[in-house]
Amino acid sequence: MTERYADVIIDIAHEKVDRIFQYRIPETLSEAVRPGIQVHVPFGRGNQDKIGYVVDISDRTDYPVEKIKEVASVEDRGITVESRQIQIAYWLKSQYGSTTISALKTVLPVKQKLRQLEKKRVVRSLSAEQTKQAAWACEKKNQRARARVLTALQTEEELPYELITHKLNVTVATLQALERQGYLKIERKMCYRNPVRFSDQTESRPVLNDTQRHIIEAVLGAYRAGEPGVHLVHGVTGSGKTEVYLGIIEAMIAMGKQAIMLIPEIALTYQTLLRFYKRFGDRVSVMNSTLSAGEKYDQIERAKAGEIDVIIGPRSALFTPFKNLGVIVMDEEHENSYKSESAPKYHARETAVEIASLCGASVVLGSATPSLEAYYRALKGEYKLYEMRERPGQSMLPAVHTTDLREELRQGNRSIFSRKLRELMEDRLSRGEQTILFLNRRGYAGFVSCRSCGHVMKCPHCDVSLSEHKNGMLVCHYCGYQERKPMKCPSCASPYLLGFKAGTEQVEEVIHREFPKARVLRMDADTTRKKESYERILAAFADHGADILVGTQMIVKGHDFPAVTLVGVLAADLSLNRNDYRAGERTFQLLTQAAGRAGRGDKPGEVVIQTYQPEHYSVVYAARQDYRGFYGEEIAYRALLGYPPVEHMLAVLIVSRVQEDGEMLGKEMTAIVKKEMGGDSALRVVGPAEASIGKLADFYRHTFYLRHGDYQVLVKAKDRLEAFCRERALKSQTVQFDFDPMNTY
Ligand code: ADP
Ligand code: ZN
Ligand code: ZN
């Protein structure tokens with residue numbers, strides 16, 4: 001019988017969790033020793049008895065066998081919060097591939113110097129009216145940050161400190177200055193338990209409609225019946241999903257349970273957070289990337305100590321160690337940012353399902369455009385599906401117009417605005433209503449295409465579009481390839497081969513030229529580089545500080561602008577020009593979400609989708625707001641080609657200093673898989689080949705793909721390949737695994 005060894009961490013609260021010790025597992029304990037449990041081991045020279053956590057089990061050791069000590073006994077204290085976190089880390093490592101250390105670091109907070117657990121709040125010292133006056137005075141003196149704080153305090157008597165500092169982006173110095181001026185008080189309390197009092201105690205709680213009540217009851221009913229399950233809420237933007245989440249979480253808290261609320265970072269706005277603070281007061285905490293490591297650690301300690309009931313945050317909030325987790329809610333479930341980009345490359349949805357099953361908690365997924373993954377499983381009956389088709393109250397779904405940009409050119413219109421869009425923009429300006437113009441240009445700044453046939457100029461080596469530079473050259477931003485811009489389209493010889501000069505900046509220029517009276521705000525990576533500007537631009541637009549907001553995909557995420565009655569998508573195709581099996585899905589999502597921005601108030605909205613491919617099914621179904629139709633077509637395509645979610649896919653990326661090394665390694669690895677697993681005819685091996693971005697920062701990239709209907713077969717292949725790489729002790733190459741990748745490499 002082969003020996004088995006346990007990797008043990010002695011002090012989990014140590015600053016470095018990477019001190020792992022190996023112990024032999026005696027025969028008598030071989031059943032009992034599993035990742036996550038606590039064991040007694042002899043430690044150090046004197047063989048002191050210590051308790052440690054088992055983090056991994058293996059049948060090999062890096063140490064001389066005769067020097068390895070044995071596990072003494074198993075400590076049975078039941079499942080501690082730490083045990084569970086280690087189980088989760090172990091699961092991440094086995095399902096996604098990474099080292100034990102990276103998996104542990106993903107799940108366990110980095111220990112920081114012990115800080116005082118305190119929650120602060122900001123309380124206004126003056127009446128609402130006086131505060132308003134003061135805000136106004138600050139505004140006049142151009143003290144914007146002070147004005148922001150006072151404006152917020154005008155409607156709320158007091159606010160959590162973190163909401164002000166992180167979401168209104170106000171410095172501590174500003175707050176202290178306002179305190180000295182006597183406008184407000186910063187109150188410090190050691191973990192006080194009373195919920196924050198908000199001025200409007202009653203809180204504008206809508207009366208839930210039948211659909212909302214039905215969903216809440218179904219989720220809670222299943223939970224109470226001991227079948228917590230996974231629930232998918234498919235609801236158009238503004239259909240009241242957030243109210244459903246609030247209702248479920250509220251009931252969970254009443255049962256003494258806690259909740260994790262996942263929201264993509266970009267949608268963690270002041271308005272959204274305020275809704276949660278108002279409902280749950282001080283029992284809420286927010287986790288986001290602007291928190292320091294110390295603050296994050298602090299929150300985790302608070303969660304462990306039972307001082308908070310709800311944590312709101314992006315992906316990483318998933319690992320908050322609650323004692324009695326009742327529900328994990330995941331809003332905008334389809335978002336790409338839920339997939340980790342570094343090892344372990346886990347997906348928050350799958351991980352949430354795993355964590356929930358360890359804790360006996362429910363999972364609630366919500367989206368206006370569910371991922372193919374979630375909808376596929378819902379239709380198979382693995383998830384429960386709920387549809388919310390209507391918006392509460394008066395607001396109606398917008399009317400959508402598709403305009404064909406090729407036809408515009410034929411009619412002699414060379415503007416970036418189609419005639420329809422221009423007409424509607426003029427109409428909105430004359431009526432004082434707002435417009436959002438959306439430009440999907442991720443990775444496409446300055447790309448060049450033929451205005452007659454739609455042909456896109458691409459790099460012959462990289463399969464990415466070339467960018468036009470001022471000197472008339474077309475340049476590949478990935479590999480540096482250059483060519484002179486041709487006079488005619490290589491595909492149809494039309495002379496209208498033009499740079500799509502529609503970066504947001506250019507769009508802004510054109511608006512100034514064509515609509516001189518319009519006030520324009522622009523939001524893109526450039527204008528939001530500064531920490532505070534994102535919220536500020538949104539706030540300014542919401543206050544009707546502009547007629548038109550131009551921006552990239554950041555503006556389509558869940559913001560609520562009631563006065564917007566027109567949304568224009570300037571070039572809908574741009575995400576289709578990618579060699580990527582999810583491009584159609586991504587385009588459909590973006591278009592649908594963009595359309596969802598129109599008409600959220602009581603006035604009906606209109607949407608104009610400008611495109612070179614009006615016949616593409618993503619465009620057609622988005623224009624009809626027909627998710628089912630889109631899903632049917634897209635899933636048929638995935639099934640035909642064996643792509644996720646119908647089958648599973650493991651992408652293996654080999655990064656090497658020397659090109660031939662990467663090529664060789666790829667060939668060896670695929671050969672092993674074919675030799676040892678090739679008997680399984682359901683296993684498909686594609687590649688190896690140069691990755692679509694074949695060289696990046698002087699490293700060569702090769703890739704191959706394995707596909708199979710059974711995820712665990714791919715996990716086995718990954719384990720085998722990991723073992724192979726270990727034996728090889730690779731030096732100048734690295735190998736990365738990505739299961740069901742968000743894009744092809
Ligand atoms: P979603 O999360 O689906 O975008 P929200 O929950 O944010 O939708 O609801 C959109 C708007 O409709 C919000 O302003 C919300 O207060 C309001 N709302 C939600 N449910 C109701 C209801 N039952 N009656 C009236 N208004 C509602
Ligand atoms: Zn290139
Ligand atoms: Zn052409």
Side-chain angles (χ1 to χ4, degrees), residues 155-156 198 200 202-219 231-251 259 261-280 284 310 312 314 327-335 338 364-371 374-375 385-398 434 436 538-539 542 554-565 567 589-605 607 625 627:
T155 43
E156 315 302 328
F198 285 96
D200 99 58
T202 49
E203 180 214 334
S204 52
R205 233 180 229 243
V207 180
L208 298 181
N209 59 36
D210 287 350
T211 315
Q212 289 170 318
R213 275 206 316 274
H214 165 74
I215 300 173
I216 294 173
E217 277 159 23
V219 171
H231 308 264
L232 172 63
V233 182
H234 174 207
V236 295
T237 355
S239 59
K241 294 187 294 299
T242 306
E243 287 302 325
V244 170
Y245 309 150
L246 288 166
I248 293 168
I249 293 172
E250 190 166 42
M261 176 77 222
L262 300 182
I263 299 180
E265 180 103 33
I266 199 146
L268 275 175
T269 58
Y270 176 77
Q271 292 304 335
T272 307
L273 293 180
L274 193 61
R275 272 170 93 178
F276 282 86
Y277 279 114
K278 280 193 167 190
R279 184 72 61 100
F280 305 117
V284 173
V310 186
I312 305 177
V327 65
I328 301 174
V329 182
M330 197 171 166
D331 192 28
E332 312 269 5
E333 155 285 321
H334 63 277
E335 272 288 309
Y338 281 126
V364 177
L365 310 171
S367 174
T369 51
S371 63
Y375 209 75
L385 180 63
Y386 309 87
E387 306 269 357
M388 298 179 78
R389 292 175 204 280
E390 269 140 44
R391 293 179 176 177
Q394 301 294 315
S395 59
M396 289 188 312
L397 289 173
Q434 288 182 303
I436 290 181
L538 290 177
M554 2 174 118
I555 58 177
V556 305
K557 308 293 179 212
H559 307 295
D560 211 346
F561 302 114
V564 171
T565 56
V567 169
Q589 286 166 353
L590 281 167
L591 294 180
T592 311
Q593 302 265 349
R597 299 297 105 213
R600 302 205 61 180
D602 41 16
K603 294 185 197 115
V607 178
Q625 307 263 304
Y627 179 83

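For ligands, and for the atoms within them, numbers begin at 1 and follow the listed sequence. No experiment lies behind these values; they were computed from the predicted model shown. In this chain, residues are counted from 1 in sequence order.
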Student: So, the side chain of Tyr627 versus the backbone of Pro370: is there a donor-acceptor pair under 3.5 Å, distance only?
Tutor: yes
Student: Can you sort out which atoms of ligand 1 are near Arg275, meaning under 4.0 Å from one of its heavy atoms?
Tutor: 5 (P), 6 (O), 7 (O), 15 (C)
Student: Under 4.0 Å from a heavy atom of Asn209: give me the atoms of ligand 1 that qualify, with their elements.
Tutor: 23 (N)
Student: Closer than 3.5 angstrom, by distance alone: can the side chain of His234 be matched with the main-chain N or O of Met388 as a donor-acceptor pair?
Tutor: no
Student: For the side chain of Glu243 and the backbone of Pro206, is there at least one donor-acceptor N/O pair under 3.5 Å apart?
Tutor: no
Student: Less than 4.0 angstrom from a charged side-chain N to a carboxylate O is my criterion; do Glu332 and Lys241 meet it?
Tutor: no
Student: Please work out, at 4.0 Å between heavy atoms, whether the side chain, the backbone, both, or neither of Arg213 comes within that distance of ligand 1.
Tutor: neither
Student: How long is the span from the CG atom in Leu246 to the CE atom in Met261, to the nearest 0.5 Å?
Tutor: 8.0 Å
Student: For ligand 1, is any non-hydrogen atom under 4.0 Å from Leu208's backbone (N, CA, C, O), its side chain (CB onward), both, or neither?
Tutor: backbone
Student: Using heavy atoms and a threshold below 4.0 Å, how should the contact between Val207 and ligand 1 be classified: side chain, backbone, both, or neither?
Tutor: backbone
Student: So is Ser239 touching ligand 1 or not, going by heavy atoms under 4.0 Å?
Tutor: yes
Student: Tell me every residue that passes salt bridge (Lys or Arg N to Asp or Glu O under 4.0 Å) with Glu250, counting only those two or more places apart in sequence or in another chain.
Tutor: Arg205, Arg279
Student: Which atoms from ligand 1 have a heavy atom of Glu243 less than 4.0 Å away?
Tutor: 6 (O), 16 (O), 19 (C), 20 (N)
Student: Knowing that exactly one of Val564, Val567, Thr565, Val607 qualifies, which makes a side chain to side chain contact (heavy atoms under 4.5 Å, CB included) with Pro398?
Tutor: Val607
Student: For atom 1 (P) of ligand 1, which candidate among Arg205, Lys241, Gln212 provides the closest heavy atom?
Tutor: Lys241
Student: Measure the distances from the heavy atoms of Met388 to every atom of ligand 1 and state whether one is below 4.0 angstrom.
Tutor: no
